[in-house]
Amino acid sequence: MLKPEWIDLSIDAQKNAYVPYSKFPVGAALVAKDGTVIQGCNIENASFGLTNCAERTAIFKAVSSGIKEFQYLVISGNTPEPISPCGACRQVIAEFCDPDMPVTLVGHDKVQKHTTVEGLLPYMFTSKDL
Ligand code: THU
């Protein structure tokens, strides 16, 4: 069940976004199975392709801290409609999160869209395919 505080933590994470090029802050709150919430923000680079999106930052923070089991992901931006994660992030999310794990996408004024990992990436390529 989505907790309102996870939405707030995702929005709060936007304050650390390093976005001198796009001026497009994104925040993420990744909830571990034990309830720990890992926040992430986007981190850009003068070499634009090296940008790390907010949700990948959260996943990499978690995994590098030894946390690999998750129950919920919230991604927030200041867009009129709920933000939509990029294809690369969808693949990284699918690596670590179950297909039926809920994902909430949040836009301006907390407008929300509720989906799942599989909803974001149907027919996903995973370790099961190898
Ligand atoms: N971005 C994210 O951090 N997450 C998303 O889900 C979509 C896009 C970032 C990447 C870049 O810093 C900025 O948004 C504009 O593309």
Side-chain angles (χ1 to χ4, degrees):
M1 268 286 267
L2 174 62
K3 292 188 182 170
E5 70 193 64
W6 297 342
I7 303 275
D8 294 336
L9 284 166
S10 170
I11 293 169
D12 172 71
Q14 292 178 30
K15 71 175 188 295
N16 292 325
Y18 176 74
V19 288
Y21 308 105
S22 73
K23 317 261 195 265
F24 188 89
V26 180
L30 177 64
V31 186
K33 285 204 171 148
D34 71 358
T36 306
V37 181
I38 301 96
Q39 292 173 288
C41 61
N42 47 340
I43 304 169
E44 298 185 343
N45 193 282
S47 176
F48 300 157
L50 298 182
T51 291
N52 209 66
C53 294
E55 49 275 58
R56 267 182 295 145
T57 300
I59 291 169
F60 295 156
K61 270 176 76 177
V63 174
S64 61
S65 306
I67 304 171
K68 274 183 296 212
E69 296 199 317
F70 307 108
Q71 58 168 299
Y72 213 105
L73 174 63
V74 181
I75 308 168
S76 66
N78 285 315
T79 45
E81 293 299 314
I83 189 166
S84 191
C86 77
C89 284
R90 292 174 197 224
Q91 182 66 31
V92 173
I93 292 166
E95 181 72 27
F96 292 102
C97 305
D98 291 338
D100 63 352
M101 192 188 88
V103 179
T104 293
L105 310 173
V106 182
H108 192 65
D109 284 338
K110 295 190 183 176
V111 58
Q112 292 169 32
K113 187 178 281 181
H114 303 281
T115 183
T116 62
V117 171
E118 190 165 32
L120 288 172
L121 192 63
Y123 305 106
M124 63 186 78
F125 178 73
T126 69
S127 58
K128 292 193 184 75
D129 296 301
L130 294 173

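Indexing begins at 1, ligand by ligand and atom by atom, following the structure's order. Computed from a predicted structure; not experimentally measured.
- Nearest protein heavy-atom neighbour of atom 8 (C) of ligand 1: Cys53 SG, 4.2 Å.
- Which parts of ligand 1 touch Thr51 is read off a 4.0 Å heavy-atom cut-off, strictly below it: atoms 10 (C), 11 (C), 12 (O).
- What sits closest to atom 3 (O) of ligand 1 on the protein, heavy atoms only, is Ala54 N, 2.9 Å.
- Nearest protein neighbour of atom 4 (N) of ligand 1, counting heavy atoms only, is Glu55 OE1, 3.0 Å.
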Inset, instruction - Show your reasoning for whether side-chain contact (heavy atoms from CB on, under 4.5 Å) applies to Val74 and Leu2. - result: CA-CA 9 Å; Val74 181; Leu2 174 62; 4.0 Å; yes
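- For atom 14 (O) of ligand 1, the nearest protein heavy atom (residue, atom name, distance) is Phe24 CD2, 3.3 Å.
- Considering only heavy atoms from C-beta on, Phe70 stays 4.5 Å or farther from Ile93 through its side chain.
- Atom numbering of ligand 1 starts at 1 in the shown order; those under 4.0 Å from a heavy atom of Glu44 are 11 (C), 12 (O), 13 (C).
- Of the N and O atoms on the side chains of Thr51 and Arg56, not one donor lies less than 3.5 Å from an acceptor on the other residue.
- Taking the side chain as every heavy atom from C-beta outward, Glu55 and Leu30 never approach each other to under 4.5 Å.
- Each of the atoms 6 (O) of ligand 1 lies under 4.0 Å from some heavy atom of Pro85.
- Taking the six-membered ring where tryptophan is involved, the planes of Trp6 and Tyr72 are tilted, since the angle between them lies from 30° to 60°.
- A side-chain donor-acceptor contact under 3.5 Å links Asp129 to the backbone of Thr126.
- The option from Val19, Ile43, Asn42 that lies nearest to atom 13 (C) of ligand 1, judged by heavy atoms, is Asn42.
- Using a 4.0 Å cut-off between heavy atoms, Ser22 contacts ligand 1 through its side chain alone, with no backbone atom that close.
- We find that Lys3 and Asp8 are not joined by a salt bridge, their nearest charged nitrogen and carboxylate oxygen being 4.0 Å or further apart.
- Distance check for atom 16 (O) of ligand 1: every protein heavy atom is found at 4.0 Å or beyond.
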